J.: 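Got a structure here, written out as structure tokens. Questions coming.
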Amino acid sequence: MSHGWTEDRVDSLKKLWIDGLSASQIARQLGGGVTRNAVIGKVHRLGLTGRAEPSRPRRAAPMPPRPGRVAQARPRTSPPPRPVPPPPARPAAARFDPALALDGTATAATLGAHMCKWPIGDPGSDAFRFCGRPAPNRDPYCPEHRRVGCQPRKAAPLADDPIVRRVLAGLAA
DNA sequence: CCCTGATTCGC
DNA sequence: GCGAATCAGG
């Protein structure tokens with residue numbers, strides 16, 4: 001549910017793609033269960049391929065020899081090859097990351113690459129912390145803070161601007 | 001292992 | 001038209 005490439009979503013897709021966001025980033029931002037594959041598929045169908053490529057500046061092989069997988073029909077329904085027998089035997093030592101134990105306790109020192117970098121508190125204060133919760137993929141924030149961070153800031157009420165207030169006050173007077 | 005886009009093809 | 005599975009690569 002919640003799918004279908006509505007004009008709105010296609011517009012967002014185009015914009016984000018042209019802006020240079022990766023397919024997975026776009027997929028995440030569009031939300032609604034859209035995968036990066038879906039995004040890529042749509043991008044191609046729209047003829048939007050090609051732009052500043054983040055992760056592959058040059059294509060090494062033009063890919064002439066590439067007949068492999070078509071020949072050996074993809075086994076989607078038949079083969080459950082299960083050569084994976086013993087998973088256990090490692091109860092110990094799941095590494096404990098103290099920064100993940102509590103929200104808002106990660107410091108600049110303990111903040112890892114996969115932790116939410118949402119700032120908490122006064123950056124100048126000793127008490128300043130980062131959220132520190134798990135941040136999936138390459139995202140800087142955890143899912144919760146990502147949403148907040150992406151919210152198109154609702155236009156800050158003009159009247160909140162001190163300068164505007166003074167001008168308005170002056171006009172009134 | 002994380003990621004990137006590209007392609008194929010059943011639906 | 002859509003997108004999962006896959007490929008090919010950084």
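It should be emphasised that the depicted structure is a prediction, and the values quoted were computed from it without experimental measurement. Below, read A as the first sequence line, B as the second, and so on, with proteins coming before strands; counting in each chain starts at 1.
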J.: Taking only residues two or more places apart in sequence or in another chain, which ones pass side chain to side chain contact (heavy atoms under 4.5 Å, CB included) with A:I18?
T.: none
J.: Taking CZ from A:R36 and C1' from C:dC2, how many angstroms apart are they, rounded to a whole number?
T.: 16 Å
J.: For DNA chain B, determine which residues of residues 38-46 of chain A have any heavy atom closer than 4.0 angstrom to one of its atoms, and list them numerically.
T.: A:I40, A:H44
J.: If the condition is salt bridge (charged side-chain N to carboxylate O under 4.0 Å, His left out), which residues does A:R129 pass it with, not counting sequence neighbours?
T.: none
J.: Roughly how many Å is it from CZ in A:R28 to C1' in B:dC2, rounded to a whole number?
T.: 12 Å
J.: Once you round it to whole Å, what is the distance between C1' of B:dG5 and CG of A:L13?
T.: 14 Å
J.: Below 4.0 angstrom from OP1 or OP2 of C:dG3, is there any side-chain N or O of A:T35?
T.: no
J.: Which whole-number value in Å describes the distance from A:L48 CG to B:dG5 C1'?
T.: 13 Å
J.: Hey, could you give me each pair passing salt bridge (Lys or Arg N to Asp or Glu O under 4.0 Å) that has a residue in residues 114-127 of chain A? Not counting sequence neighbours.
T.: none
J.: Ignoring backbone atoms, test whether A:T49 places a side-chain nitrogen or oxygen under 4.0 Å from the OP1 or OP2 oxygen of B:dG5.
T.: no
J.: Can you tell me how the ring of A:W118 sits relative to the ring of A:Y141, calling it parallel under 30°, perpendicular over 60° and tilted otherwise?
T.: perpendicular
J.: Starting at atom CG of A:N37, determine the distance to atom P of B:dG5, rounded to an integer number of angstrom.
T.: 11 Å
J.: Return each pair, listed once, that meets salt bridge (Lys or Arg N to Asp or Glu O under 4.0 Å) where at least one residue sits in residues 26-38 of chain A; pairs must be two or more places apart or across chains.
T.: A:R28-A:D139
J.: Taking only residues two or more places apart in sequence, or in another chain, which ones meet A:T35 in a side chain to side chain contact (heavy atoms under 4.5 Å, CB included)?
T.: A:N37, A:A38
J.: Any side-chain N or O of A:W17 less than 4.0 Å from the OP1 or OP2 oxygen of B:dG5?
T.: no
